Amino acid sequence: MATVPGLGGGGSLGVAFETTMGTYVAPVTYVPILSETLDYTSTPYTSEQIRQQSIRSDAQPSYYHVEGDVEMEVDPNFLLYFMYAGRHNVTKTGAGPYTYKFVPNSAGTGSTAAGTTTEKTLSVTVVKNGEIFGFTGCVLSGFEIRVDTDTGILMATLNLMGLAEATAVDPTEAWVAPILYGADSHRLYMDAAGTAPTFASVDVNHDGLRFGVNFNCTPQNRVRADRSASYIAFGITEGTINTSLDFLTRADYDAFKAVTKKAIKMESLHGGVTLAAATDGVRVQANNFFYNTYRIPLQGMGDLITAEVEGEMLGITGGDAYEVHCKSAVSIT
Amino acid sequence: MAVEVVLKVKEYPDGYEFDLGGFVVPNNGSVKLDDDAELSFVARHRKNIKDYFANNEAVEIKGTPKYSTKQVEEMYPTPVVEAIPSPYLEEEGTGSTTEGGDGN
(Lines give C-alpha, C1' and ligand atoms only; values in the text may rest on other atoms or scores of the structure.)
Protein backbone atom coordinates (compact mmCIF):
# COMPACT_ATOMS: atom_id res chain seq x y z
CA MET A 1 0.00 0.00 0.00
CA ALA A 2 1.51 3.36 -1.00
CA THR A 3 1.76 6.12 1.55
CA VAL A 4 2.91 8.81 -0.86
CA PRO A 5 1.50 9.88 -4.25
CA GLY A 6 2.78 7.95 -7.27
CA LEU A 7 3.46 8.61 -10.94
CA GLY A 8 1.67 7.05 -13.89
CA GLY A 9 5.01 5.78 -15.14
CA GLY A 10 5.19 3.41 -12.17
CA GLY A 11 1.96 1.72 -13.15
CA SER A 12 1.24 -1.14 -15.47
CA LEU A 13 -1.49 -2.78 -17.50
CA GLY A 14 -1.63 -6.52 -18.10
CA VAL A 15 -4.08 -8.67 -20.04
CA ALA A 16 -5.06 -12.30 -20.27
CA PHE A 17 -7.67 -14.24 -22.22
CA GLU A 18 -10.47 -15.57 -20.06
CA THR A 19 -11.44 -19.20 -20.02
CA THR A 20 -14.89 -18.32 -18.71
CA MET A 21 -16.33 -14.93 -19.59
CA GLY A 22 -16.23 -12.70 -16.53
CA THR A 23 -13.96 -14.91 -14.43
CA TYR A 24 -10.73 -13.11 -13.59
CA VAL A 25 -7.44 -14.39 -15.00
CA ALA A 26 -4.08 -12.99 -13.92
CA PRO A 27 -2.13 -11.24 -16.67
CA VAL A 28 -0.02 -13.28 -19.07
CA THR A 29 1.32 -10.28 -20.96
CA TYR A 30 2.04 -6.71 -19.93
CA VAL A 31 1.19 -4.03 -22.46
CA PRO A 32 3.27 -0.85 -22.63
CA ILE A 33 0.60 1.82 -22.91
CA LEU A 34 0.57 5.59 -23.10
CA SER A 35 -2.56 6.01 -21.00
CA GLU A 36 -5.74 4.25 -19.91
CA THR A 37 -9.11 5.33 -18.57
CA LEU A 38 -10.75 2.06 -17.53
CA ASP A 39 -13.34 2.83 -14.90
CA TYR A 40 -16.17 1.44 -12.84
CA THR A 41 -19.12 3.06 -14.64
CA SER A 42 -22.43 3.47 -12.87
CA THR A 43 -25.08 6.03 -12.07
CA PRO A 44 -26.29 5.54 -8.49
CA TYR A 45 -30.02 5.79 -7.95
CA THR A 46 -31.05 8.86 -5.98
CA SER A 47 -34.47 9.02 -4.40
CA GLU A 48 -36.77 11.99 -4.96
CA GLN A 49 -39.23 10.99 -2.34
CA ILE A 50 -41.76 13.68 -1.58
CA ARG A 51 -41.37 14.19 2.12
CA GLN A 52 -41.76 17.91 2.60
CA GLN A 53 -38.30 18.66 1.37
CA SER A 54 -36.68 19.68 -1.92
CA ILE A 55 -33.49 17.65 -1.77
CA ARG A 56 -33.04 13.98 -2.67
CA SER A 57 -33.22 11.77 0.35
CA ASP A 58 -31.20 8.64 -0.38
CA ALA A 59 -28.78 7.02 -2.80
CA GLN A 60 -28.34 3.37 -3.68
CA PRO A 61 -25.78 1.62 -5.87
CA SER A 62 -27.16 0.80 -9.29
CA TYR A 63 -26.20 -1.41 -12.23
CA TYR A 64 -22.60 -1.00 -13.30
CA HIS A 65 -20.10 -2.08 -15.92
CA VAL A 66 -16.51 -1.14 -16.71
CA GLU A 67 -15.47 1.00 -19.62
CA GLY A 68 -12.54 3.02 -20.87
CA ASP A 69 -9.88 3.55 -23.49
CA VAL A 70 -6.31 2.38 -23.81
CA GLU A 71 -3.89 4.50 -25.84
CA MET A 72 -0.75 2.84 -27.07
CA GLU A 73 1.83 2.77 -29.79
CA VAL A 74 0.88 -0.11 -32.05
CA ASP A 75 2.90 -3.23 -31.33
CA PRO A 76 1.69 -6.39 -33.07
CA ASN A 77 2.64 -8.53 -30.04
CA PHE A 78 -0.05 -6.76 -28.01
CA LEU A 79 -2.52 -5.48 -30.60
CA LEU A 80 -3.54 -9.02 -31.39
CA TYR A 81 -4.77 -9.61 -27.82
CA PHE A 82 -7.18 -6.71 -28.17
CA MET A 83 -8.24 -7.73 -31.69
CA TYR A 84 -9.19 -11.18 -30.37
CA ALA A 85 -11.55 -9.38 -27.97
CA GLY A 86 -13.37 -7.66 -30.85
CA ARG A 87 -16.25 -8.97 -32.93
CA HIS A 88 -13.92 -10.80 -35.27
CA ASN A 89 -13.38 -14.08 -37.02
CA VAL A 90 -9.72 -14.97 -36.72
CA THR A 91 -7.30 -17.04 -38.74
CA LYS A 92 -3.71 -17.82 -37.80
CA THR A 93 -1.14 -18.82 -40.38
CA GLY A 94 2.61 -19.31 -40.49
CA ALA A 95 5.11 -21.21 -38.42
CA GLY A 96 6.65 -18.30 -36.54
CA PRO A 97 6.30 -15.44 -36.94
CA TYR A 98 2.56 -15.93 -37.21
CA THR A 99 0.07 -13.85 -39.15
CA TYR A 100 -3.28 -13.29 -37.48
CA LYS A 101 -6.09 -11.99 -39.68
CA PHE A 102 -9.13 -10.40 -38.04
CA VAL A 103 -12.28 -9.79 -40.07
CA PRO A 104 -15.70 -8.65 -38.80
CA ASN A 105 -18.50 -11.06 -38.00
CA SER A 106 -22.06 -10.59 -36.83
CA ALA A 107 -21.92 -12.01 -33.29
CA GLY A 108 -24.48 -10.47 -30.97
CA THR A 109 -22.49 -10.59 -27.73
CA GLY A 110 -19.00 -10.95 -26.38
CA SER A 111 -17.87 -14.51 -25.74
CA THR A 112 -14.72 -16.47 -25.00
CA ALA A 113 -13.42 -19.87 -26.01
CA ALA A 114 -10.04 -21.58 -26.32
CA GLY A 115 -8.28 -21.92 -29.64
CA THR A 116 -6.78 -19.67 -32.26
CA THR A 117 -9.92 -18.96 -34.28
CA THR A 118 -12.38 -17.91 -31.59
CA GLU A 119 -13.22 -14.56 -30.07
CA LYS A 120 -12.15 -14.09 -26.50
CA THR A 121 -12.85 -11.79 -23.58
CA LEU A 122 -10.06 -10.18 -21.63
CA SER A 123 -9.23 -9.79 -17.98
CA VAL A 124 -7.39 -6.49 -17.68
CA THR A 125 -5.28 -5.74 -14.60
CA VAL A 126 -4.19 -2.17 -13.97
CA VAL A 127 -1.78 -1.16 -11.21
CA LYS A 128 -2.02 2.45 -10.05
CA ASN A 129 0.36 3.56 -7.29
CA GLY A 130 0.57 0.00 -6.05
CA GLU A 131 -3.19 -0.50 -5.91
CA ILE A 132 -4.49 -3.28 -8.14
CA PHE A 133 -7.62 -3.05 -10.28
CA GLY A 134 -9.00 -6.07 -12.11
CA PHE A 135 -11.59 -5.73 -14.87
CA THR A 136 -13.29 -8.81 -16.25
CA GLY A 137 -15.28 -9.80 -19.30
CA CYS A 138 -13.73 -7.04 -21.40
CA VAL A 139 -14.49 -6.82 -25.10
CA LEU A 140 -13.10 -4.46 -27.70
CA SER A 141 -16.02 -2.10 -28.31
CA GLY A 142 -14.11 -0.14 -30.93
CA PHE A 143 -10.66 0.85 -32.07
CA GLU A 144 -8.78 3.38 -34.11
CA ILE A 145 -5.41 2.73 -35.70
CA ARG A 146 -3.78 5.85 -37.02
CA VAL A 147 -0.59 7.36 -38.33
CA ASP A 148 0.14 10.37 -36.18
CA THR A 149 0.36 13.38 -38.50
CA ASP A 150 3.11 15.06 -36.43
CA THR A 151 5.42 12.13 -35.76
CA GLY A 152 4.43 9.43 -38.27
CA ILE A 153 4.25 6.85 -35.44
CA LEU A 154 1.54 4.20 -35.70
CA MET A 155 -0.79 4.66 -32.74
CA ALA A 156 -3.96 3.00 -31.50
CA THR A 157 -6.90 3.88 -29.32
CA LEU A 158 -8.63 0.76 -28.03
CA ASN A 159 -12.09 1.14 -26.54
CA LEU A 160 -12.88 -1.53 -23.95
CA MET A 161 -16.15 -2.42 -22.27
CA GLY A 162 -16.37 -5.09 -19.60
CA LEU A 163 -18.69 -6.79 -17.16
CA ALA A 164 -17.28 -6.16 -13.73
CA GLU A 165 -14.48 -5.17 -11.42
CA ALA A 166 -12.94 -8.17 -9.67
CA THR A 167 -10.39 -8.92 -7.00
CA ALA A 168 -7.08 -9.11 -8.82
CA VAL A 169 -3.79 -10.72 -7.84
CA ASP A 170 -0.73 -8.56 -7.32
CA PRO A 171 0.97 -8.96 -10.69
CA THR A 172 4.68 -9.33 -11.38
CA GLU A 173 5.34 -7.48 -14.57
CA ALA A 174 7.60 -8.77 -17.34
CA TRP A 175 8.38 -6.47 -20.23
CA VAL A 176 9.55 -7.34 -23.74
CA ALA A 177 11.43 -4.96 -26.00
CA PRO A 178 9.01 -2.60 -27.77
CA ILE A 179 8.20 -2.86 -31.48
CA LEU A 180 7.21 0.57 -32.74
CA TYR A 181 6.41 1.59 -36.31
CA GLY A 182 8.02 4.88 -37.15
CA ALA A 183 7.48 7.26 -40.00
CA ASP A 184 9.46 5.13 -42.48
CA SER A 185 7.47 1.95 -41.82
CA HIS A 186 4.22 2.68 -43.63
CA ARG A 187 3.02 1.97 -47.16
CA LEU A 188 -0.48 3.02 -48.23
CA TYR A 189 -2.32 1.66 -51.26
CA MET A 190 -5.57 2.51 -52.98
CA ASP A 191 -7.63 0.45 -55.43
CA ALA A 192 -11.17 -0.09 -56.61
CA ALA A 193 -13.40 -1.97 -54.17
CA GLY A 194 -13.26 -5.74 -54.36
CA THR A 195 -13.10 -8.92 -52.32
CA ALA A 196 -9.31 -9.10 -52.94
CA PRO A 197 -8.10 -5.75 -54.33
CA THR A 198 -4.75 -5.84 -56.09
CA PHE A 199 -3.28 -2.70 -54.47
CA ALA A 200 -0.63 -2.55 -57.17
CA SER A 201 1.11 0.72 -56.34
CA VAL A 202 1.88 2.82 -53.30
CA ASP A 203 -0.07 6.06 -52.89
CA VAL A 204 1.96 8.94 -51.44
CA ASN A 205 -0.64 11.71 -51.22
CA HIS A 206 -2.16 10.97 -47.81
CA ASP A 207 -1.33 13.20 -44.84
CA GLY A 208 -2.03 10.82 -41.97
CA LEU A 209 -4.68 8.13 -41.80
CA ARG A 210 -7.24 7.16 -39.18
CA PHE A 211 -8.77 3.71 -39.56
CA GLY A 212 -11.60 3.39 -37.06
CA VAL A 213 -14.19 0.75 -36.21
CA ASN A 214 -17.00 1.11 -33.71
CA PHE A 215 -19.00 -1.96 -32.66
CA ASN A 216 -21.56 0.18 -30.81
CA CYS A 217 -21.46 -2.01 -27.72
CA THR A 218 -23.91 -1.67 -24.86
CA PRO A 219 -23.69 -3.30 -21.42
CA GLN A 220 -26.62 -5.56 -20.59
CA ASN A 221 -27.77 -5.89 -16.99
CA ARG A 222 -30.37 -8.46 -16.04
CA VAL A 223 -32.50 -9.14 -12.97
CA ARG A 224 -30.20 -11.13 -10.73
CA ALA A 225 -28.45 -10.68 -7.40
CA ASP A 226 -25.50 -8.89 -8.98
CA ARG A 227 -25.10 -5.28 -10.08
CA SER A 228 -22.47 -6.06 -12.71
CA ALA A 229 -23.32 -6.47 -16.38
CA SER A 230 -24.47 -9.91 -17.54
CA TYR A 231 -22.94 -9.54 -20.97
CA ILE A 232 -21.87 -6.95 -23.52
CA ALA A 233 -24.05 -6.65 -26.61
CA PHE A 234 -22.56 -5.71 -29.96
CA GLY A 235 -24.49 -3.30 -32.17
CA ILE A 236 -24.02 -2.16 -35.76
CA THR A 237 -20.39 -2.12 -36.92
CA GLU A 238 -19.38 1.27 -38.23
CA GLY A 239 -16.07 1.65 -40.02
CA THR A 240 -14.59 5.03 -40.90
CA ILE A 241 -11.51 6.26 -42.67
CA ASN A 242 -10.26 9.80 -42.15
CA THR A 243 -7.40 11.39 -43.96
CA SER A 244 -6.18 14.54 -45.63
CA LEU A 245 -5.26 14.25 -49.30
CA ASP A 246 -3.07 16.48 -51.40
CA PHE A 247 -5.57 17.77 -53.94
CA LEU A 248 -4.16 17.15 -57.43
CA THR A 249 -7.13 16.42 -59.71
CA ARG A 250 -10.90 16.20 -59.52
CA ALA A 251 -10.82 12.42 -59.96
CA ASP A 252 -11.39 11.56 -56.28
CA TYR A 253 -13.82 14.44 -55.89
CA ASP A 254 -15.89 13.12 -58.78
CA ALA A 255 -15.70 9.65 -57.21
CA PHE A 256 -17.06 11.18 -54.00
CA LYS A 257 -20.00 12.70 -55.85
CA ALA A 258 -20.71 9.44 -57.68
CA VAL A 259 -20.35 7.39 -54.44
CA THR A 260 -17.75 5.28 -56.21
CA LYS A 261 -16.60 2.36 -54.07
CA LYS A 262 -12.90 2.15 -53.25
CA ALA A 263 -10.46 0.05 -51.25
CA ILE A 264 -7.55 1.14 -49.08
CA LYS A 265 -4.70 -0.74 -47.42
CA MET A 266 -1.94 0.44 -45.14
CA GLU A 267 0.91 -1.79 -44.02
CA SER A 268 3.38 -0.87 -41.29
CA LEU A 269 6.29 -3.30 -41.49
CA HIS A 270 9.75 -4.20 -40.31
CA GLY A 271 12.12 -6.37 -42.30
CA GLY A 272 10.29 -6.44 -45.62
CA VAL A 273 8.25 -4.43 -48.11
CA THR A 274 5.24 -6.73 -47.92
CA LEU A 275 3.52 -8.34 -44.95
CA ALA A 276 4.47 -11.74 -46.27
CA ALA A 277 8.17 -10.86 -46.34
CA ALA A 278 8.24 -8.82 -43.12
CA THR A 279 9.46 -10.10 -39.76
CA ASP A 280 6.64 -8.27 -38.03
CA GLY A 281 3.93 -5.90 -39.10
CA VAL A 282 0.40 -4.60 -38.99
CA ARG A 283 -1.98 -4.20 -41.91
CA VAL A 284 -5.32 -2.39 -41.92
CA GLN A 285 -7.46 -2.77 -45.00
CA ALA A 286 -10.94 -1.69 -46.04
CA ASN A 287 -12.17 -3.60 -49.09
CA ASN A 288 -15.22 -1.49 -49.85
CA PHE A 289 -15.70 2.09 -48.75
CA PHE A 290 -17.01 5.34 -50.17
CA TYR A 291 -16.23 8.95 -49.43
CA ASN A 292 -19.07 10.58 -47.51
CA THR A 293 -17.22 13.83 -46.94
CA TYR A 294 -14.78 15.47 -49.33
CA ARG A 295 -14.00 19.11 -48.58
CA ILE A 296 -11.45 21.08 -50.59
CA PRO A 297 -11.37 24.60 -49.15
CA LEU A 298 -9.11 27.38 -50.43
CA GLN A 299 -7.94 28.26 -46.95
CA GLY A 300 -5.35 30.93 -47.33
CA MET A 301 -2.77 32.44 -49.65
CA GLY A 302 0.07 30.36 -48.23
CA ASP A 303 -1.85 27.17 -47.47
CA LEU A 304 -1.63 23.90 -49.35
CA ILE A 305 -4.85 22.85 -51.07
CA THR A 306 -5.82 19.60 -49.41
CA ALA A 307 -8.99 17.56 -49.34
CA GLU A 308 -10.34 16.68 -45.87
CA VAL A 309 -11.88 13.30 -46.43
CA GLU A 310 -14.02 10.91 -44.47
CA GLY A 311 -14.93 7.49 -45.80
CA GLU A 312 -17.45 4.94 -44.57
CA MET A 313 -16.78 1.20 -44.85
CA LEU A 314 -19.35 -1.13 -46.35
CA GLY A 315 -19.81 -4.86 -46.47
CA ILE A 316 -18.96 -6.68 -49.68
CA THR A 317 -20.56 -9.79 -51.13
CA GLY A 318 -18.21 -12.75 -50.95
CA GLY A 319 -15.64 -10.88 -48.90
CA ASP A 320 -14.94 -8.92 -45.74
CA ALA A 321 -15.66 -5.26 -45.09
CA TYR A 322 -12.27 -4.81 -43.48
CA GLU A 323 -9.23 -6.78 -42.38
CA VAL A 324 -6.67 -6.23 -39.65
CA HIS A 325 -3.52 -8.34 -39.83
CA CYS A 326 -0.93 -8.71 -37.07
CA LYS A 327 2.33 -10.48 -37.84
CA SER A 328 4.05 -11.41 -34.61
CA ALA A 329 6.29 -13.96 -32.95
CA VAL A 330 3.60 -14.49 -30.32
CA SER A 331 1.80 -17.81 -30.67
CA ILE A 332 -1.78 -17.90 -29.40
CA THR A 333 -2.97 -21.47 -28.91
CA MET B 1 24.53 -17.94 -2.77
CA ALA B 2 22.79 -17.39 -6.11
CA VAL B 3 19.24 -17.96 -7.26
CA GLU B 4 18.34 -19.10 -10.74
CA VAL B 5 15.34 -17.49 -12.44
CA VAL B 6 13.68 -19.75 -15.01
CA LEU B 7 11.14 -18.27 -17.43
CA LYS B 8 8.55 -20.09 -19.55
CA VAL B 9 6.02 -17.89 -21.33
CA LYS B 10 4.18 -20.25 -23.62
CA GLU B 11 2.96 -17.63 -26.09
CA TYR B 12 6.45 -16.41 -26.97
CA PRO B 13 9.19 -18.25 -28.87
CA ASP B 14 12.40 -19.55 -27.28
CA GLY B 15 14.98 -16.89 -26.66
CA TYR B 16 12.58 -13.94 -26.65
CA GLU B 17 13.95 -11.65 -23.96
CA PHE B 18 11.85 -10.42 -21.03
CA ASP B 19 12.79 -7.67 -18.59
CA LEU B 20 11.65 -9.04 -15.24
CA GLY B 21 12.39 -5.87 -13.32
CA GLY B 22 16.05 -5.04 -13.50
CA PHE B 23 17.35 -8.12 -15.31
CA VAL B 24 16.64 -9.85 -18.60
CA VAL B 25 15.78 -13.52 -19.01
CA PRO B 26 15.38 -15.35 -22.33
CA ASN B 27 12.15 -17.27 -22.75
CA ASN B 28 12.50 -20.99 -22.00
CA GLY B 29 15.84 -20.11 -20.47
CA SER B 30 17.22 -18.96 -17.18
CA VAL B 31 19.58 -16.52 -15.59
CA LYS B 32 21.55 -16.73 -12.33
CA LEU B 33 21.52 -13.75 -10.02
CA ASP B 34 24.52 -13.30 -7.77
CA ASP B 35 24.25 -11.64 -4.36
CA ASP B 36 24.75 -8.13 -5.75
CA ALA B 37 22.07 -8.61 -8.39
CA GLU B 38 19.70 -10.02 -5.81
CA LEU B 39 20.29 -7.06 -3.51
CA SER B 40 19.56 -4.68 -6.40
CA PHE B 41 16.35 -6.57 -7.07
CA VAL B 42 15.28 -6.31 -3.43
CA ALA B 43 16.08 -2.59 -3.38
CA ARG B 44 14.03 -2.05 -6.52
CA HIS B 45 10.97 -4.07 -5.53
CA ARG B 46 11.14 -4.10 -1.72
CA LYS B 47 10.40 -7.81 -1.77
CA ASN B 48 12.25 -11.08 -1.57
CA ILE B 49 12.57 -12.47 -5.13
CA LYS B 50 10.62 -15.64 -4.35
CA ASP B 51 7.79 -13.61 -2.76
CA TYR B 52 7.76 -11.19 -5.69
CA PHE B 53 7.24 -13.90 -8.29
CA ALA B 54 4.96 -16.06 -6.12
CA ASN B 55 1.90 -15.32 -8.28
CA ASN B 56 3.66 -15.55 -11.63
CA GLU B 57 3.16 -18.96 -13.20
CA ALA B 58 5.70 -18.23 -15.91
CA VAL B 59 8.59 -17.74 -13.46
CA GLU B 60 10.29 -20.37 -11.31
CA ILE B 61 12.90 -19.46 -8.72
CA LYS B 62 15.46 -22.16 -8.04
CA GLY B 63 17.69 -21.99 -5.02
CA THR B 64 17.27 -20.11 -1.77
CA PRO B 65 17.10 -16.33 -1.86
CA LYS B 66 19.85 -14.59 0.06
CA TYR B 67 17.31 -12.38 1.86
CA SER B 68 14.33 -13.84 3.65
CA THR B 69 10.92 -12.16 3.80
CA LYS B 70 11.64 -11.00 7.36
CA GLN B 71 15.05 -9.61 6.44
CA VAL B 72 13.55 -7.60 3.57
CA GLU B 73 10.84 -6.24 5.86
CA GLU B 74 13.53 -5.11 8.30
CA MET B 75 15.58 -3.55 5.50
CA TYR B 76 12.58 -1.74 4.04
CA PRO B 77 9.93 -1.21 6.70
CA THR B 78 6.66 0.38 5.56
CA PRO B 79 7.07 4.12 6.22
CA VAL B 80 4.67 5.58 8.78
CA VAL B 81 3.37 9.02 7.92
CA GLU B 82 3.52 11.24 10.99
CA ALA B 83 0.15 12.62 12.04
CA ILE B 84 -0.08 16.37 11.62
CA PRO B 85 -1.17 17.80 14.99
CA SER B 86 -4.31 19.94 15.03
CA PRO B 87 -3.63 23.65 15.33
CA TYR B 88 -4.46 25.13 18.70
CA LEU B 89 -7.79 26.96 18.57
CA GLU B 90 -8.82 29.63 21.02
CA GLU B 91 -12.16 28.99 22.59
CA GLU B 92 -14.93 31.28 21.27
CA GLY B 93 -17.27 33.12 23.73
CA THR B 94 -20.66 31.48 24.25
CA GLY B 95 -20.80 29.55 20.97
CA SER B 96 -23.38 30.16 18.20
CA THR B 97 -27.12 29.65 18.43
CA THR B 98 -29.14 28.01 15.71
CA GLU B 99 -32.57 29.26 14.75
CA GLY B 100 -35.22 26.80 13.69
CA GLY B 101 -34.82 25.99 10.01
CA ASP B 102 -37.26 24.77 7.37
CA GLY B 103 -35.98 21.24 7.53
CA ASN B 104 -33.76 21.52 4.42
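Here the structure is a predicted model, which is why all the values come from computation and not from measurement.
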Only heavy atoms, only distances under 4.5 angstrom. Which residues in [range] are near chain B?
range	answer
residues 326-333 of chain A	A/A329, A/V330, A/S331, A/I332, A/T333
residues 168-177 of chain A	A/V169, A/D170, A/T172, A/E173, A/A174, A/W175, A/V176, A/A177
residues 78-98 of chain A	A/F78, A/Y81

Do A/N77 and B/Y16 get their side chains close enough for a donor-acceptor pair, meaning under 3.5 Å?
yes
A quick test of your reading: do over 12 heavy atoms of other residues, nucleotides or ligands sit less than 6.0 Å from CD of B/E57?
no
Tell me which donor-acceptor pairs under 3.5 Å the side chains of residues 4-15 of chain B have, and how far apart each pair is, sequence neighbours excluded?
| from | atom 1 | to | atom 2 | distance (Å) |
| --- | --- | --- | --- | --- |
| B/E4 | OE2 | B/S30 | OG | 2.7 |
| B/D14 | OD1 | B/N28 | ND2 | 2.3 |

